[in-house]
Protein chains: 2
Amino acid sequence: MSQEKSAKKTTIYDLAELAGTSASAVSAVLNGTWKKRRISAKLAERITTLADEQGYAVNMQASLLRREKSKIIGMIVPKYDNRYFGSIVETFETMARERGLFPIITCTRRDPELEVEAARTMLSYQVEWLVSTGATDPDRISDLCAAANVGSLNLDLPGTKAPSIISDNFTGARELTRRIMLNSRARMGEARPLLFIGGRASDHNTSERIRGFRAAHADIGVLLDESHILASGYAPEKAEASLASLARTEGSLPNGMFVNSTISLEGVMRWIKRSGHYGEHSPVIGCFDWDPFAALLGDDIEMVRQDVPSMLDAVFLIIQNGAADRTLIEIPPIFRENFSP
Amino acid sequence: MSQEKSAKKTTIYDLAELAGTSASAVSAVLNGTWKKRRISAKLAERITTLADEQGYAVNMQASLLRREKSKIIGMIVPKYDNRYFGSIVETFETMARERGLFPIITCTRRDPELEVEAARTMLSYQVEWLVSTGATDPDRISDLCAAANVGSLNLDLPGTKAPSIISDNFTGARELTRRIMLNSRARMGEARPLLFIGGRASDHNTSERIRGFRAAHADIGVLLDESHILASGYAPEKAEASLASLARTEGSLPNGMFVNSTISLEGVMRWIKRSGHYGEHSPVIGCFDWDPFAALLGDDIEMVRQDVPSMLDAVFLIIQNGAADRTLIEIPPIFRENFSP
DNA sequence: ATGAAAGCGCTAACAT
DNA sequence: ATGTTAGCGCTTTCAT
């Protein structure tokens, strides 16, 4: 890595010399503690001007080493390729900064190894809190944090060793399923069992959503088909493949579907288009997650939006006030009629 | 901010005491420099085990303070709400880590003040390089970096005080325009002038794309209408509003459009749907940027994908080998037939 | 109203 | 083959 000029960076000692004062005075002026030190306004003025001229910037590494707290807060996130995680990251950054914290974020691409490596690195950087978003093994990360005396939090997917903030998946899925069935009935004349597709059966969110899916069928008195629950992963290709395979074995597919994420929806829509399976009569679809273009894809596509601002409010509330490790906070997702303008 | 336990963190001195050795030995073992120190394998072994047991993590603040280089590389990015920036961030993180660098990223929401504040903060954290992505005032950031002897780079939008890596907007836009016109001719029988919408006329990318747009019209010998170039901003609402306004004044809109980003496309598609302006005959569209759902929106929607991996290859190449400040690297965007599977 | 000095945890040159 | 020591740049008592 090449360095443009070889000049060293300006330090408070350089500034002190230029101002004809001491490093401690400079430090006090530059970090705002100088009122209690009763440093003269002219000295303060002189120092600030000088600092500006020299393009001085504190060395955080040195500053943090000396202080007790780093004010750094970390987050790991699986992907940046959808609106949900995108807004989680953006909101997290904004809220952290509003609270005087410095956010650092790492994308771990759903790779368990990368997750723990990222967690370790963040601990080295002295994060005071670590938020694991959609982590495959959140408890492992909580253990690492606990060993380093650092607070941890789970977001989106729950764990058992730190407070968790997630969507109310059961209630949300139940209502979403109800709506899909209503739409389907409006079109087909009668309520019919739906297909569930996407996600991993092993993860808490997916299993809760499947539970809500079942409950909604029971509510309406429709018997669902167990072989129509396809929790085959998050990647679009997975969804595409399992639809193809089901169509092959069963000939014809249900005309209503519950899709577990926009990422899975990508595969679903692609398959529908490519296969031509449904011909003119595209299926009635509901998706647990929101995307602006997907929303324009058809009239019969119902979407739920996870309430990211409320989820992160809860996160920062816990950071401020603490909470028991096994706390589970479930935030209701938002339906179409309550979408923000 | 509450701290769970009050125990202090383990340091190399604690480890040294437990292992009955010195801090420097521990340090050497833990950071891999111990081969050249000819430390015995058993000592090394003992120390590593101990470190594991104690959940030890180096204090980067201390380590970096002592070392000469931080290995930290910063990036500022406008938004996380579309695939283009999402993949820039994800690719940047991955490539940085592959090179032993620690990436820190800040989202500045197209806010010029936030941009410089973020840059300052990153300089405090001793970044060795700062990549400004889509910055509103990249030269300002380059100045800050220069004052701190830190390298800077512009991505997506060029500047004049640091090397810039951008898409080949002119050529890309010219070819995209040509394709839209071809599609339009195939449908309407004759080539007609298109509408240009989205972006800011003041930014380099938009003006280059408009230049390409003009060139393609000239190539085919079609006269374009200057009042049909609507560079009214990036937000979906802006696009929506300017279409509405144009439709009001002109009655009818061109049946082919060049849309300058997926974000603008969001507004365009919404307006088309809400207004019902085009009735059954939806317009032929081309978009400078790619989104998987937008791609499924219609048969006549052509998209170009900016070549993010190549752009970031160029970024890291410059970081390794250096380049003159005014270097401008233009990466050809990718058309449909060359999309990766 | 301001300066001197100690020390945060780590690394690297210099001992042995 | 391993220990001692001098800082890295900053903050913070404690003197004055």
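We name chains A, B, ... by the order of the sequence lines, and we start the count at 1 in each one.
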Using atom [atom1] of [X] as one end and atom [atom2] of [N] as the other, report the distance to the nearest whole Å.
{"X": "B:Leu15", "N": "C:dG9", "atom1": "CG", "atom2": "P", "value": "13 Å"}
{"X": "A:Leu64", "N": "C:dG9", "atom1": "CG", "atom2": "P", "value": "13 Å"}
{"X": "B:Lys69", "N": "D:dG9", "atom1": "NZ", "atom2": "C1'", "value": "19 Å"}
{"X": "A:Gln61", "N": "D:dG9", "atom1": "CD", "atom2": "P", "value": "12 Å"}
{"X": "B:Met60", "N": "C:dC8", "atom1": "CE", "atom2": "P", "value": "20 Å"}
{"X": "A:Glu17", "N": "D:dG9", "atom1": "CD", "atom2": "P", "value": "14 Å"}
{"X": "B:Asp14", "N": "C:dC10", "atom1": "CG", "atom2": "C1'", "value": "13 Å"}
{"X": "B:Arg67", "N": "D:dG7", "atom1": "CZ", "atom2": "P", "value": "20 Å"}

Looking only at side-chain atoms of [X], point me to the closest of [options].
{"X": "B:Thr11", "options": "C:dG3, D:dT2, C:dG9", "answer": "C:dG9"}
{"X": "A:Asn59", "options": "C:dC10, D:dG3, D:dG9", "answer": "D:dG9"}
{"X": "A:Ser40", "options": "D:dA1, D:dG3, C:dA1", "answer": "C:dA1"}
{"X": "A:Ile39", "options": "D:dT4, C:dG3, C:dT2", "answer": "C:dT2"}

Taking the side chain as every heavy atom from C-beta outward, state whether A:Ile141 and A:Ile76 have any pair of such atoms under 4.5 Å apart.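 They are in side-chain contact.
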Does some side-chain heavy atom of A:Met75 sit less than 4.5 Å from a side-chain heavy atom of A:Leu155?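 A side-chain contact under 4.5 Å exists here.
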Contact class for B:Thr21 vs. all strands (heavy atom < 4.0 Å): base, sugar-phosphate, or nothing?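 Contact class for B:Thr21: sugar-phosphate only.
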Under 4.0 Å between any heavy atoms, over every strand shown, what does B:Ser27 touch: base, sugar-phosphate, or nothing? Just pick one.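 Since a base atom lies under 4.0 Å of B:Ser27, the category is base.
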Under 3.5 Å, is there a donor-acceptor pair linking the side chains of [X] and [Y]?
{"X": "B:Ser70", "Y": "A:Gln61", "value": "no"}
{"X": "A:Tyr234", "Y": "A:Asp203", "value": "yes"}
{"X": "A:Thr160", "Y": "A:Asp139", "value": "yes"}

Short side-chain N/O contact to D:dC10 OP1/OP2 from A:Tyr56, under 4.0 Å: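 For D:dC10, OP1 or OP2 has a side-chain N or O of A:Tyr56 closer than 4.0 Å.
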So, is A:Ser63 close to the D:dC10 phosphate, meaning a side-chain N or O under 4.0 Å from OP1 or OP2?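 Answer no for this pair, as no side-chain N or O of A:Ser63 is under 4.0 Å from OP1 or OP2.
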Side chain of B:Tyr13, base of C:dC8: donor and acceptor closer than 3.5 Å?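 A donor-acceptor contact between them is absent.
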Determine whether any donor atom in the side chain of A:Ser24 lies under 3.5 Å from an acceptor atom in the base of C:dA4, or the reverse, and answer yes or no.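 Such a pair is found, so the answer is yes.
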How do B:Ala41 and A:Leu65 order along DNA chain D: which one's closest nucleotide is nearer the 5' end?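 It is B:Ala41 whose nearest nucleotide is closer to the 5' end.
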